[in-house]
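First the structure, in the form of structure tokens, and then the observations on it.
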Protein chains: 2
Amino acid sequence: MHRKRVTLRDLAEHLNINTSTVSRALSEKSSEMISPDVVKRVRKAAQEMGYKQNAAAYALKVGRTKSIGIIIPDMMNPVFAPIVRGIHSVLNQYGYTAFLAYSENNASAAHSEVEKLISRGVDGIIYAAAFRTDSVVDLCKSHSIPLVLVNRVVDQGNVDTVKVDDSLGIKMAVGHLLDLGHRKIGFIAGPKNISVSYIRLRAFTQTMAEHDLEVEPHRIVEAHSLTEEGGEKAMSVFLGQNPDATAIIASNDLIALGCFTALTQFGYTCPKRISIVGFNNMPYLDWFAIPLTTISIPHFQMGERSAELLLKRIDPESDDHYEEVLLKPKLIIRQSTAPVIRRKKKIAST
Amino acid sequence: MHRKRVTLRDLAEHLNINTSTVSRALSEKSSEMISPDVVKRVRKAAQEMGYKQNAAAYALKVGRTKSIGIIIPDMMNPVFAPIVRGIHSVLNQYGYTAFLAYSENNASAAHSEVEKLISRGVDGIIYAAAFRTDSVVDLCKSHSIPLVLVNRVVDQGNVDTVKVDDSLGIKMAVGHLLDLGHRKIGFIAGPKNISVSYIRLRAFTQTMAEHDLEVEPHRIVEAHSLTEEGGEKAMSVFLGQNPDATAIIASNDLIALGCFTALTQFGYTCPKRISIVGFNNMPYLDWFAIPLTTISIPHFQMGERSAELLLKRIDPESDDHYEEVLLKPKLIIRQSTAPVIRRKKKIAST
DNA sequence: TTGAATAACGCAAACGTTTGCACTAGAGTA
DNA sequence: TACTCTAGTGCAAACGTTTGCGTTATTCAA
């Protein structure tokens, strides 16, 4: 077959015309300054000879690579799969491709990943692993490369974001538990240097306050990370200091899973003894032994919107004011929550 | 900050030396032909002025992009996350980055994704979505770009692969079921144009034969895809024509999940009425209502090995004989399999 | 018939690297 | 002293595109 890649010049020589003409004939925008039949002949020859544009040469010349970078915190967390899918789905429509990197929830790792991506010349970055104060946004700004934040946002303003209404989500969760009769509700928070953890926790105390329920400090414990392991440890200390709690809200589905295992270590059952609600509605939750009641976020749509936003920002003639799209969460009721049982007297367990 | 990217020439002018000297001083291999103190000065200046190599220019010049493409069949299938992670882990050590694409289990989609990747100039491709006869390997061969197949392989030889011993895995599964007393064992196969489906099915009948158990045709039904939905449909027809079966082996964990739902639609229970074993040991299986007995494959290691193999093949001075690494599976016994209950008389269910 | 206007195309520079080759100066040898 | 060698550096071409500008041929108006 073709040992060597066929280039514009190859085409030009074959057709006895100049490479500039070939280039223009192939380009959608500038093909109109070329006579129609030349365009046709060029494109036919390109097809036959298997011409593929050399991305490196294009990038070097025009300064755009038609590629972007995606950074997620954790590849093993299944929530990000549909987000990435959403991103891809719009990227494909515009001839863009994506580098995927992950930060392992580590700020400096994220920073160096972004540096690598910038060095690769990506046209923009979708960042799903932000901390509340994050050097990555300054990094991107100083290199004047477009950046959009998904899900996790950053305290400083002036950056495109697509996030979901976390407060509303928590409000729904609390409302649901209150409806079931729960009053002694605990909260397993995530690290408060991550926006979602911070906001969800704040929304929890606020919503409780709105219902005239003050939440005492021991009702809240912070997990060191948004993972199963973090959730398990935090839940252990929570159960130690809250023997009377009947429900807990986890900042995260993964944390909720950790709560489950801590629960069984204490010999408690869910939802009989304690109700649990998570956040994110990660895939395959329906299959779980205790299907987790959780707050669903529109993963795929989040991916789509962020990609659209980024592409818009990459466009040279875009206006320069930042956008912030806010998506609505949804309460998914499963079996991990149940009405609170009021027991006047102690009853021997069977 | 730096509005414009600093280039080799910027450095050269700043130091009053030639760009070629700067280039050589920065390069690890050719810096030895430059006097040590010049090297030091250049590197210091590069550091201070924030020089980053222009990847596009490098790629255009040397013909290598230091990037590869990964193609997986389905982003929502959690098995691929650890594989991708394994790939990344070795890629990072060598300054490589990866484009991630997925084929949705569609041959032509895979083909066009590969074409896009090649056009992007990737140095190699890791292909986890192969069909038994697949145009992608010819495509790569004709462009003489390195390719390694993971998990799913291809009938035609002469291509680097890393796979797991599927036959051994099935043998383990069958052995496990036989130990539990099962004899009437069914098999929900995947599409037979995919190597793993084909091999696993063949291994099933062979292993059964080795135990003097002939498997009748109605004991095998083929799902149209390696998904939950495919498994569910196939399992429905299976149950319709096999009311006496006590165990089934699914070609895939996802298919096994589909089997579960079909099972409950028929009012059957697992593992009481029927045992199920899957394949792949996808993440979070431990959490399931019926924890699935399955064959575990070394995902992460598969990723690592395939990346190593690809990098070796990309290296210009590598020998040119193809390698085939074969990894060992492991039987993971959970609760979806149980001893067969022999009932002489019909007993009313309680 | 002459002029300008337009359409179609060619020329050549440029993007930022790498690298073969030429060049210089100083060291070593005879 | 005159010679060759070599270490260190500069020159310039090349990778494959895109694009501003110059050139030619054709059309249209006067």
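- By the 4.0 Å N-to-carboxylate-O rule, B/Arg313 lies close enough to B/Asp160 to be salt-bridged with it.
- B/Asp10 places its CG atom 8 Å from the P atom of C/dT17, with the value rounded to the nearest Å.
- For a distance-only test at 3.5 Å, the side chain of B/Arg24 fails to qualify as a donor-acceptor partner of the base of D/dG8.
- Across the protein-nucleic acid pair, A/Leu26 atom CG and D/dT19 atom P stand 13 Å apart, rounded to whole Å.
- Among the nucleotides D/dT17, C/dC9, C/dT18, the one closest to the side chain of B/Leu8 is C/dT18.
- A/Asn18 has a side-chain polar atom (N or O) that falls below the 4.0 Å cut-off from OP1 or OP2 of C/dC11.
- When heavy atoms are screened at a 4.0 angstrom cut-off, A/Ser23 is found touching base atoms of the nucleic acid.
- Atom CZ of A/Arg120 has more than 12 neighbouring heavy atoms from other residues, nucleotides or ligands inside a 6.0 Å radius.
- When the C1' atom of C/dC15 is taken as reference, atom CG of B/Leu60 falls 9 Å away, rounded to whole Å.
- C/dC9 atom C1' lies 12 Å from atom CG of A/Asp37, rounded to whole Å.
- One interatomic measurement links the two molecules: CZ of A/Arg64 to P of D/dT18, which rounds to 11 Å at whole-angstrom precision.
- Distance, A/Tyr58 OH to C/dT17 C1': 20 Å, rounded to whole Å.
- A salt bridge links B/Asp155 with B/Arg132: the closest approach of a Lys/Arg side-chain nitrogen to an acidic carboxylate oxygen falls below 4.0 angstrom.
- Phosphate proximity of D/dT17 to A/Tyr51: present, with a side-chain N or O under 4.0 Å from OP1 or OP2.
- Contact check on A/Glu323 versus A/Lys312 returns a salt bridge, with a Lys/Arg side-chain nitrogen under 4.0 Å from an Asp/Glu carboxylate oxygen.
- In the interface, the side chain of B/Thr7 is not paired with the base of C/dC15 through any donor and acceptor atom under 3.5 Å apart.
- In terms of polar N and O atoms assigned as donor or acceptor, the side chain of B/Arg9 never comes within less than 3.5 Å of the base of D/dG10 in a complementary pairing.
- Note: NZ (B/Lys61) to P (D/dT17) measures 15 Å, nearest angstrom.
- Distance CE (A/Met33) to P (C/dC9): 11 Å, rounded to an integer number of Å.
- Nucleic acid contact class of B/Ser35 (heavy atoms, under 4.0 Å, all strands): sugar-phosphate only.
- Sequence order on DNA chain C of the closest nucleotides to A/Val62 and A/Ser20 puts A/Ser20 first from the 5' end.
- Within the 4.0 angstrom heavy-atom criterion, only backbone atoms of the sugar-phosphate kind lie near A/Ile34; the bases stay farther away.
- Taking the ring centroids of B/His299 and B/Phe80, they lie at or beyond the 6.0 Å cut-off.
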